[in-house]
Structure formats: C-alpha cells, structure tokens
**Q** 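This is the structure, below, for whatever I ask next.
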Amino acid sequence: MNNKRPAIAVVGSLNMDLVISMQRMPKIGETIQGEAIHYISGGKGANQAVGCAKLGADVTMIGAVGDDAFGSEIMKRMKQFGVKTDAIATLEGVPTGTATIMHTENDNCIVIVPGANGECSPEATIAPYADVIRNAAALIVQLEIPMPAVEAALRIAREAGVPTILNPAPAIPLTDEQIALADYFTPNETEFEMYCGGSIDIDSEEQLFERMTAWNSRFPGQKLIVTRGKHGISCADSGSIATFSAPVVQVVDTTGAGDSFNAALCFGVASGWSLEQTLPLAVKAASYSVTVFGAQDGMPTMDKLV
C-alpha cells in the first residue's frame with residue numbers, strides 16, 4: 001500500500017435526508033406528533049464520495065443540487081470532508097433531492113423526491129467534466145440519477161481505460177450492454193436476485209455461487225461482488241468465487257454500509273491494489289460504518305482500518 005492519493009471520480013446523487021422519529025406511523029388522514037427530526041446529508045453518490053475522501057483519495061463529485069438551503073448545506077459538508085465540488089451543478093429553480101424517512105422503533109417508510117438529481121443528463125452533467133473522468137484512476141457510479149447520465153460516464157471511462165465500478169442501487173432494469181460497461185458490479189443479494197432473473201435462497205451459498213458463476217460466463221472479465229450484510233461479501237472473478245466474512249460488531253445504524261464498502265473498494269481499485277488486499281479492507285470499512293450513527297459520519301478513515 002502506498003501513500004499516494006488516488007484520483008477518483010464519483011458520478012451520482014446528492015440528497016438531504018429528513019429523518020423523522022415517531023412512536024408509530026400515522027393512519028391515512030391522521031396528524032400525530034413526532035419526537036425528533038434530523039437533517040442528514042446523503043445520497044449514494046455523495047456518501048461514496050465522502051467515503052473515498054475520508055480514506056485519503058483525491059475525489060471529484062459530479063452531480064447536481066438545487067439553489068436552496070439544502071443544496072448549500074450539502075455543498076458545505078462535501079467541502080468539509082475534502083471532496084472537490086467544482087463539478088456539482090447548482091440548478092436554479094430546482095429543489096435539492098430529498099429523502100423523507102419516517103422512522104419508528106420497528107418500521108420505517110421513505111419518500112424520495114429526486115429534485116436536481118433527476119435533472120442530471122449526459123449533455124449538462126457529464127460532458128463538461130469528461131476530462132475529470134478520463135484523468136481519474138477509477139470511476140464509481142450508482143443508479144439514483146437518470147441512467148443516460150450514468151451510461152455516458154461509464155462509456156467515457158471505458159474508452160479512456162479507467163476502471164469502472166457500478167453499484168446497481170436502487171435496482172432498475174439494465175441491458176446487458178449497460179452492465180458490461182462495468183469492470184466491477186456490486187449488487188447486494190436482493191439486487192443480484194433481480195439482475196440474475198430468479199429468486200435465490202439466501203441461506204443457500206451453493207445456489208448463490210451457481211448464479212454468480214453463471215454471471216461470470218455471461219459477463220466475462222467482469223468482477224462480480226455480492227454484498228451479503230452480516231455474512232460479508234462474495235466475489236466471482238473468472239469463475240472463481242471467494243468469500244470474505246464480516247467481523248461481528250455492535251450495530252448502531254446500518255445506513256450507508258453498502259456505500260462505505262463501495263467507497264473502500266473504489267479506493268483500493270484506484271490505488272492499484274489487488275482484490276486480496278482490497279476486499280478485506282472494504283468489508284472492514286462497511287462493518288465499522290454500522291457502529292456509528294449517520295452514513296457519512298460513519299465512514300471510516302484509514303487509521304480505523306489498518
């Protein structure tokens with residue numbers, strides 16, 4: 001492992017999460033009193049950018065916020081974490097993306113308003129920063145902004161020989177051509193179930209590994225990494241499958257665990273590390289993140305992992 005700061009481009013979403021705690025969910029037409037509200041900077045793109053930066057990468061975030069108080073706060077937070085914000089557009093007359101999370105002790109429900117995230121396009125969002133992608137040591141994308149923008153970023157990276165990581169969350173239909181643009185494809189078990197076209201018994205490793213091996217045959221050369229929560233991760237590379245278990249930790253907040261894993265994976269890829277070096281560190285990063293409240297605050301720095 002060297003101390004050079006790898007250049008990483010992150011293309012994706014920036015949200016303000018409004019987390020409302022309450023004793024129970026309201027019935028239709030009912031007004032109840034909530035216990036607390038928290039405003040937390042989020043979005044999978046922003047979370048992964050912060051995760052990469054906290055590990056020591058030189059990170060440029062490409063995306064959009066609105067010209068409102070939430071957008072200003074998100075930009076401020078990104079800068080505090082050391083993420084470069086020059087490629088984040090501030091869109092006039094468009095709200096910043098929000099996720100309103102109604103949370104009880106036993107349940108939660110979420111309403112997402114894409115806002116500025118939904119305005120991201122190949123022409124306005126990606127093309128002006130094509131050189132940022134071309135000059136990066138790795139690109140990571142997710143699926144919380146429109147697919148045309150994601151695909152444009154992946155194509156620019158592929159043509160420039162930049163390693164690409166596609167975290168397919170939330171899961172949306174993708175063509176084989178789109179999936180094949182990723183050098184690393186990182187679904188969780190539920191997402192992988194959708195993409196491989198059939199239900200998987202999550203307690204059956206044999207069934208999971210059969211599907212992963214078949215995936216390798218379908219997308220030769222791509223590294224498939226399925227995140228499996230407390231069971232760690234399984235990686236299929238050229239038909240060979242390796243599993244890395246997760247350490248047992250005291251769980252405080254699982255929000256952002258997948259983002260922390262993907263950030264650490266991207267850091268390792270951008271640093272030129274082998275998967276044998278990278279994957280145990282990435283699993284450890286995800287496990288650490290669930291011990292702290294808040295996705296971005298829970299992202300570890302490198303000294304927590306080595």
Side-chain angles (χ1 to χ4, degrees), residues 8-13 44-45 47-48 51-52 133 136-159 161-198 200 202 205 207-229 231-244 257-270 273-276 278-279 281-283 285-286:
I8 291 173
V10 181
V11 172
S13 58
K44 289 185 179 300
N47 290 346
Q48 292 177 17
C52 291
I133 297 171
L139 166 74
I140 186 166
V141 297
Q142 324 76 33
L143 300 177
E144 286 187 332
I145 64 172
M147 190 58 204
V150 174
E151 185 174 347
L154 287 169
R155 288 192 181 281
I156 290 167
R158 174 57 60 85
E159 289 165 7
V162 175
T164 53
I165 299 168
L166 171 53
N167 175 215
I172 63 170
L174 297 173
T175 66
D176 281 11
E177 185 183 7
Q178 290 168 334
I179 292 171
L181 289 170
D183 297 307
Y184 300 81
F185 192 72
T186 62
N188 63 24
E189 285 176 307
T190 305
E191 291 153 358
F192 182 56
E193 195 174 61
M194 175 186 142
Y195 286 114
C196 70
I200 301 172
I202 60 173
E205 280 201 339
Q207 194 178 108
L208 174 64
F209 291 174
E210 282 178 4
R211 297 288 177 83
M212 292 180 72
T213 301
W215 185 276
N216 264 181
S217 298
R218 186 174 156 199
F219 298 103
Q222 182 183 80
K223 294 168 180 63
L224 170 66
I225 302 168
V226 180
T227 57
R228 304 173 56 203
H231 300 298
I233 64 99
S234 294
C235 173
D237 182 10
S238 303
S240 174
I241 297 175
T243 293
F244 297 83
D259 294 332
S260 187
F261 172 83
N262 278 279
L265 169 67
C266 188
F267 184 89
V269 169
W273 299 350
S274 68
L275 282 177
E276 289 74 20
T278 300
L279 291 178
L281 185 96
V283 171

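In what follows, every heavy atom counts, from backbone to side chain, and hydrogens, waters and symmetry copies are set aside.
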**Q** Can a donor-acceptor pair be found, under 3.5 Å and without considering hydrogens, that links the side chain of T164 to the backbone of D183?
**A**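 Such a contact is found between T164 side chain and D183 backbone.
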**Q** Between atom CZ of F267 and atom CD of Q48, what is the distance when rounded to the nearest 0.5 Å?
**A** 15.0 Å
**Q** T190 versus M194: any side-chain heavy-atom pair under 4.5 Å?
**A**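 SC-SC contact between T190 and M194 ruled out.
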**Q** Scan I241, L208, L224 and name whichever one has a side-chain contact (heavy atoms from CB on, under 4.5 Å) with T213.
**A** I241
**Q** Work out which heavy atom in A138 is nearest to a heavy atom in C266; give both atom names and the distance.
**A** CB-SG, 3.9 Å
**Q** Distance check, rounded to the nearest 0.5 Å: R158 atom CZ versus I156 atom CD1?
**A** 13.5 Å
**Q** Atom CZ in R211, atom CZ in R218: separation rounded to 0.5 Å?
**A**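 It comes to 11.5 Å.
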**Q** Would you mind checking if E159 and R155 are paired as a salt bridge, meaning a charged N to carboxylate O distance below 4.0 Å?
**A**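 Salt bridge absent between R155 and E159.
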**Q** First locate atom CD of Q142, then atom OG1 of T186, and finally report the distance between them rounded to the nearest 0.5 Å.
**A**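 Taking CD in Q142 and OG1 in T186, the distance rounds to 9.0 Å.
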**Q** Does a donor on one side chain and an acceptor on the other come within less than 3.5 Å for N188 and T227?
**A**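 Judged by distance alone, the side chains do not pair up.
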**Q** Which heavy-atom pair separates A286 from S260 by the least distance, and what is that distance?
**A** N-OG, 3.9 Å
**Q** Indicate yes or no: at least one non-hydrogen side-chain atom of N167 is less than 4.5 angstrom from one of D259.
**A**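 Of all side-chain heavy-atom pairs linking D259 with N167, at least one is under 4.5 Å.
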**Q** Taking all heavy atoms of V11 and all of A153, pick out the closest pair and write down the distance.
**A** CG2-CB, 3.9 Å
**Q** Under 4.5 Å between any side-chain heavy atoms of F261 and L279, yes or no?
**A**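 In short, these two side chains touch, coming nearer than 4.5 Å.
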**Q** Using the side-chain contact (heavy atoms from CB on, under 4.5 Å) rule, pick out the option among L143, V141, V150 that qualifies with P168.
**A**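 Testing each of L143, V141, V150 against P168, the sole residue satisfying side-chain contact (heavy atoms from CB on, under 4.5 Å) is L143.
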**Q** Is the side chain of E144 donor-acceptor paired with the backbone N or O of S13 at a distance under 3.5 Å, no angle test?
**A** no
**Q** Any chance you could measure I165, atom CD1, to I225, atom CD1, to the nearest 0.5 Å?
**A**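 Reported value, rounded in 0.5 Å steps: 7.5 Å.
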**Q** Quick one: does any side-chain atom of Y195 pair with a main-chain N or O of I172 as donor and acceptor, under 3.5 Å?
**A** yes
**Q** Once the angle between the rings of W215 and F185 is folded into 0 to 90°, is it parallel (under 30°), tilted (30 to 60°) or perpendicular (over 60°)?
**A** parallel
**Q** Could you give the distance from OH (Y184) to CG (L166), rounded to the nearest 0.5 Å?
**A** 13.5 Å
**Q** Start with the C-alpha gap between T243 and H231, add the side-chain angles, then the distance that decides, and say whether side-chain contact (heavy atoms from CB on, under 4.5 Å) holds.
**A** CA-CA 9 Å; T243 293; H231 300 298; over 6 Å; no
**Q** Do you know which of E205, E189, R228 makes side chain to side chain donor-acceptor pair (under 3.5 Å) with S234?
**A** R228
**Q** I need the minimum non-hydrogen distance between A169 and E191, along with the two atoms involved.
**A**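 It is CB-OE2, 3.3 Å.
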**Q** Specify the closest pair of heavy atoms between G45 and V10, including all atoms of both residues, with the distance to one decimal.
**A** O-CG1, 3.4 Å
**Q** What pair of heavy atoms forms the shortest contact from V162 to I133, and how long is it?
**A** CG2-O, 3.5 Å
